[in-house]
> 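Here you go, one structure.
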Amino acid sequence: MADLISKIKTMEPGPQTIFVEGWVRTKRDSKTVTFIEVNDGSCLKGLQVVADRSSIDNNLLNSISTGCSVICEGKLVASIGGDQKVELSATDIKLVGECPDDYPLQKKRHTLEYLREIGHLRARTNTIGAVERVRSTMAYAVHRFFQENGFFYVNTPLITASDAEGAGQMFQVTTLDLENVPKTEDGKVDYSKDFFGKRTSLTVSGQLEGETYATALKNIYTFGPTFRAENSNTKRHLAEFWMIEPEMSFCTLEGDMKVAEDFLKYVFKYVLDNCQEDMDFFSKFVEPGVKDTLVHVVESPFAHMTYTDAVKELEKASDKFDFKPFWGCDLQTEHERFLTEEVAKRPVIVTDYPKEIKAFYMKLNEDGKTVRAMDVLAPRLGEIIGGSEREYRLDILKARMAELGLNEKDYWWYLELRKYGSVPHSGFGLGFERAVQYVTGMQNIRDVIPYPRASKQADF
RNA sequence: UCCCCGAUAGCUCAGUCGGUAGAGCAGGUGGCUGUUAACCACCCUGUCGGCAGUUCGAGUCUGUCUCGGGGAGCCA
């Protein structure tokens, strides 16, 4: 019945009756009129509803307070006041749901830490509301980019029996009675009695399954939840997060990097074009200048360097680091930030890492020492994308697995992709929340997902 | 998991040398006002995170637990 406030604010004043539904953010009384700011979440700034105290029931107006839900009826008029073009001159107001004065959201600014304690209400704040609008827009942009570029959306399984994916600690999935676990004769847990007849866990990555569909549909992407049981307590880790993993057949690392760059730029530009009010808000109150940074990223090419060259750069500035860089070391957070913030001053793609610090499935280079891996490092965040060209040569892949002590039987179907019609292919993984963090400037990943799941935290 | 910091009114915080609790906002009352986090005056609000200890006396010192934040590791 009622239009969204985001639409109403773009309409011209007119004689027709319109309705506004939403929640009261603040109310101010004047001598003859009452101002009610109504927000319905469709945009950052709400609509000012003006109620003439001589024509609207004063008892009703007095009972309206911050947090109430209301339906207002009236005409859109040009606003006399300064901050808005139009406002609703109310002819009738219905109080739908009252809001007692112990409402946890005051008109004043709250800390994000406090808002995390009221996860069921925090979406009604400017900041979290803006984050969720941007998050939704970004999710839409992700699908648009891939759908417009010949990728198919594949849903890889959330429950997996492959306990050897190696990307992190896994959450076990079971229907066994934990008070009375069935045991085999030699005293181990008898998983044949479990729901799936074997030990299962929540997925830590859809990549391996994604590869199988890429070798059939050519270009695919996944976009779904991922679970890691790491006991890591940081502002950029979650136990449950959303990951985007494209996989392209007949594609080398060069193509992979191009897709990664085009993809990030597309999503960023889409947000800049479609979330202007929210981006202005982030740029003003959350991370000064974040909007200009995004514009800069969209307009300039990403920097490129090999791991070997990156280490040379780091060695030049060795004094600045707690952890001294050397060829073969894993890049520390401080190193990644130096490369992207000081050396490149923009996103940088680092390639060709030592095989020892990367996963078994990455394609071995001619030198026998490095693999065709690439990490996209972004200022402020560090690694935002990790990807690689996959090893498609069966003999070399088997040799790598043997080096690392991996059991071929656990990967039999993955290896068969290399046996039957193998093809060079590449892909990458993007942590969706980290991308939302990057775009919004939000410091803590727990504030860019509606209900964060982390160690000792599964409220709401 | 390791290191550092923190927990005081509904919210944001101050609290000196160990001496018995304070400001702004919110709420209430009145005033003023086409207001924009409105403004002015007055009023109300506390298991000082939990448990133990030192002390005549603990918000303050010690131990411990819980929760939160920052950093590290791991990664996306």
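To find a chain, count down the sequence lines: A is the first, B the second, and so on, and within it residues start at 1.
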> Quick one: is A/N444 getting a side-chain N or O under 4.0 Å of the B/G70 phosphate, OP1 or OP2?
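So the side chain of A/N444 is within the cut-off, an N or O lying under 4.0 Å from OP1 or OP2 of B/G70.
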> Distance between the C1' atoms of B/G15 and B/G22, in whole angstroms?
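Comparing C1' positions in B/G15 and B/G22 gives a spacing of 7 Å.
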> Can you name the one residue among A/F152, A/F263, A/Y153, A/Y270 that meets ring-ring contact (aromatic ring centres under 6.0 Å, His included) with A/H143?
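Per the ring-ring contact (aromatic ring centres under 6.0 Å, His included) rule, the option paired with A/H143 is A/Y153, out of A/F152, A/F263, A/Y153, A/Y270.
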> Look at the side-chain N and O atoms of A/T333 and state whether any lies under 4.0 Å from the OP1 or OP2 oxygen of B/G71.
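The answer is no; no side-chain N or O of A/T333 sits under 4.0 Å from OP1 or OP2.
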> Can you check the distance between B/U29 and B/G70, where both ends of the measurement are the C1' atom (answer in whole Å)?
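These two C1' atoms come out 44 Å apart once rounded.
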> With the side chain of A/R236 defined as its heavy atoms from C-beta on, choose the nearest nucleotide among B/G34, B/C74, B/G10.
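For the A/R236 side chain, the nearest candidate turns out to be B/C74.
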> Check whether the ring centres of A/F432 and A/F223 lie less than 6.0 Å apart, and answer yes or no.
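For A/F432 and A/F223, the ring centres are under 6.0 Å apart.
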> Can you check whether A/S232 has a side-chain N or O nearer than 4.0 Å to OP1 or OP2 of B/C75?
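A/S232 to B/C75 OP1/OP2: no side-chain N or O under 4.0 Å.
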> I'd like to know if A/R400 pairs up with A/E403 as an ion pair, taking the criterion as any Lys NZ or Arg NE/NH1/NH2 lying under 4.0 Å from an Asp or Glu carboxylate oxygen.
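Yes.
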> Quick check for you: among B/G73, B/G34, B/G69, whose closest atom lies nearest to any side-chain atom of A/E87?
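My answer, after comparing the listed nucleotides, is B/G34.
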> Strictly by modelled atom types, are A/Y221 and A/Q147 linked by a side-chain donor-acceptor pair under 3.5 Å?
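Note: A/Y221 and A/Q147 side chains meet the donor-acceptor criterion.
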> Over all strands shown, is A/L105 touching base, sugar-phosphate only, or nothing at heavy-atom distances under 4.0 angstrom?
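Here A/L105 touches no strand at all.
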> Should the ring pair A/F360 and A/Y414 be called parallel, tilted or perpendicular, given that the plane angle runs from 0 to 90° and is split at 30 and 60?
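Plane angle over 60°, so perpendicular.
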> Could you check how far CZ of A/F428 sits from C1' of B/C75, rounded to whole Å?
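Rounded to the whole Å, the gap is 17 Å.
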> If pairs are Watson-Crick or G-U with both distances under 3.5 Å, what is the dot-bracket string of RNA chain B, marking crossing pairs with [ ] and pairs to another strand with |?
(((((((..((((.....[..)))).(((((.......))))).....(((((..]....))))))))))))....
> Of the nucleotides B/G73, B/U33, B/U35, which has the atom closest to the A/K31 side chain?
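Minimum distance to the A/K31 side chain belongs to B/U33.
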> Taking atom P of B/C2 as reference, at what distance in whole Å does atom CD of A/E230 sit?
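It works out to 15 Å between those atoms.
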> Between B/U8 and B/C51, how far apart are the P atoms? Round to whole Å, please.
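To the nearest whole Å, 16 Å.
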> Could you tell me the separation between the CG atom of A/N126 and the C1' atom of B/U36, rounded to a whole number of Å?
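So the CG-C1' distance, A/N126 to B/U36, works out to 13 Å.
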> With nearest nucleotides of RNA chain B determined for A/T111 and A/K235 from heavy-atom distances, which residue corresponds to the more 5′ nucleotide?
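Its nucleotide being nearer the 5' end, the pick is A/T111.
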> Are A/R28 and B/U36 close enough that a side-chain N or O sits under 4.0 Å from OP1 or OP2?
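Checking B/U36 against A/R28, no side-chain N or O comes under 4.0 Å of OP1 or OP2.
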> When the distance from OH of A/Y114 to C1' of B/C13 is rounded to whole Å, what number comes out?
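Going from OH in A/Y114 over to C1' in B/C13 covers 15 Å.
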> Would you mind reading off the distance between A/E383 atom CD and B/G73 atom P, rounded to a whole angstrom?
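Going from CD in A/E383 over to P in B/G73 covers 13 Å.
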> Does a distance-only test, which skips hydrogens and angles, find a donor-acceptor pair under 3.5 Å between the side chain of A/Q443 and the base of B/G69?
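No, no donor-acceptor pair under 3.5 Å.
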> Give the nucleotide from the list B/G73, B/G34, B/U1 with an atom nearest to the side chain of A/N231.
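For A/N231, the side-chain atoms sit closest to B/U1.
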> Quiz question: by atom type and distance under 3.5 Å, do the side chains of A/Q457 and A/R116 form a donor-acceptor pair?
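The answer is no; no qualifying pair exists.
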> Roughly how many Å apart are B/A26 and B/A38, using the P atom of each and rounding to a whole number?
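B/A38 and B/A26 have their P atoms separated by 7 Å.
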> Does A/E433 reach a base, just sugar-phosphate, or nothing at all? Heavy atoms under 4.0 Å.
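Touches nothing.
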> Record whether the side chain of A/E37 comes under 3.5 Å of the base of B/U36 through a donor-acceptor pair of N or O atoms.
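Donor-acceptor pair under 3.5 Å: no.
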> Looking at A/E254 and A/R372, does any basic side-chain N land under 4.0 Å from a carboxylate oxygen?
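A salt bridge is present here (some side-chain N lies under 4.0 Å from a carboxylate O).
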> So if I take every side-chain heavy atom of A/I80 and compare against B/U36, B/G34, B/C74, which nucleotide ends up nearest?
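Comparing B/U36, B/G34, B/C74 against the side chain of A/I80, the answer is B/G34.
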> Which residue pairs satisfy the salt bridge (charged side-chain N to carboxylate O under 4.0 Å, His left out) criterion with at least one member in residues 35-53 of chain A, sequence neighbours excluded?
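Counting only pairs at least two positions apart or across chains, the salt bridge (charged side-chain N to carboxylate O under 4.0 Å, His left out) contacts touching residues 35-53 of chain A are A/D29-A/R53.
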> Please report, rounded to the nearest Å, how far the P atom of B/A72 is from the CD atom of A/Q332.
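It is 9 Å, rounded to the nearest whole Å.
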> Could you tell me whether A/T234 contacts a base, only the sugar-phosphate backbone, or nothing, with contacts defined as non-hydrogen atoms closer than 4.0 Å?
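Base, at least one base atom sits under 4.0 Å.
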> Between B/G28 and B/G63, how many Å separate the two P atoms, rounded to a whole number?
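To the nearest whole Å, 45 Å.
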> What is the distance, rounded to the nearest whole Å, between atom CZ of A/F227 and atom C1' of B/C75?
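Distance check: A/F227 CZ to B/C75 C1' gives 17 Å.
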> So what does A/Y103 hit on the nucleic acid, given a heavy-atom distance under 4.0 Å: a base, only sugar-phosphate, or nothing?
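If one applies the 4.0 Å heavy-atom cut-off, A/Y103 turns out to touch nothing in the nucleic acid.
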> Run through A/K9, A/K284, A/K291 and flag the one making a salt bridge (charged side-chain N to carboxylate O under 4.0 Å, His left out) with A/E277.
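The residue from A/K9, A/K284, A/K291 that satisfies salt bridge (charged side-chain N to carboxylate O under 4.0 Å, His left out) with A/E277 turns out to be A/K9.
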> Is it true that the side chains of A/D352 and A/T306 contain a donor and an acceptor less than 3.5 Å apart?
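There is no such pair (donor and acceptor under 3.5 Å, judged by atom type) between the side chains of A/D352 and A/T306.
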> When the P atoms of B/C48 and B/A7 are considered, how many whole Å apart are they?
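Pairwise P distance, B/C48 against B/A7, rounds to 14 Å.
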> RNA chain B: A/E334 or A/S455, which has the more 5' nearest nucleotide?
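The answer here is A/S455.
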> I'd like the P distance from B/U66 over to B/A58, given in whole Å.
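Approximately 26 Å lies between the P atom of B/A58 and that of B/U66.
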> Rounding to an integer number of angstrom, what distance separates B/G10 and B/C5 when you compare their P atoms?
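To the nearest whole Å, 28 Å.
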> Nearest whole angstrom, please: distance from the P of B/U36 to the CG of A/L47.
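It works out to 17 Å between those atoms.
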> Base, sugar-phosphate alone, or nothing: which one does A/R25 contact when heavy atoms must sit under 4.0 Å apart?
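Counting heavy atoms under 4.0 Å across all strands, no contact is made by A/R25.
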> What's the closest nucleotide to the side chain of A/H110 if the choices are B/G73, B/U1, B/C11?
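Closest nucleotide among those given: B/C11.
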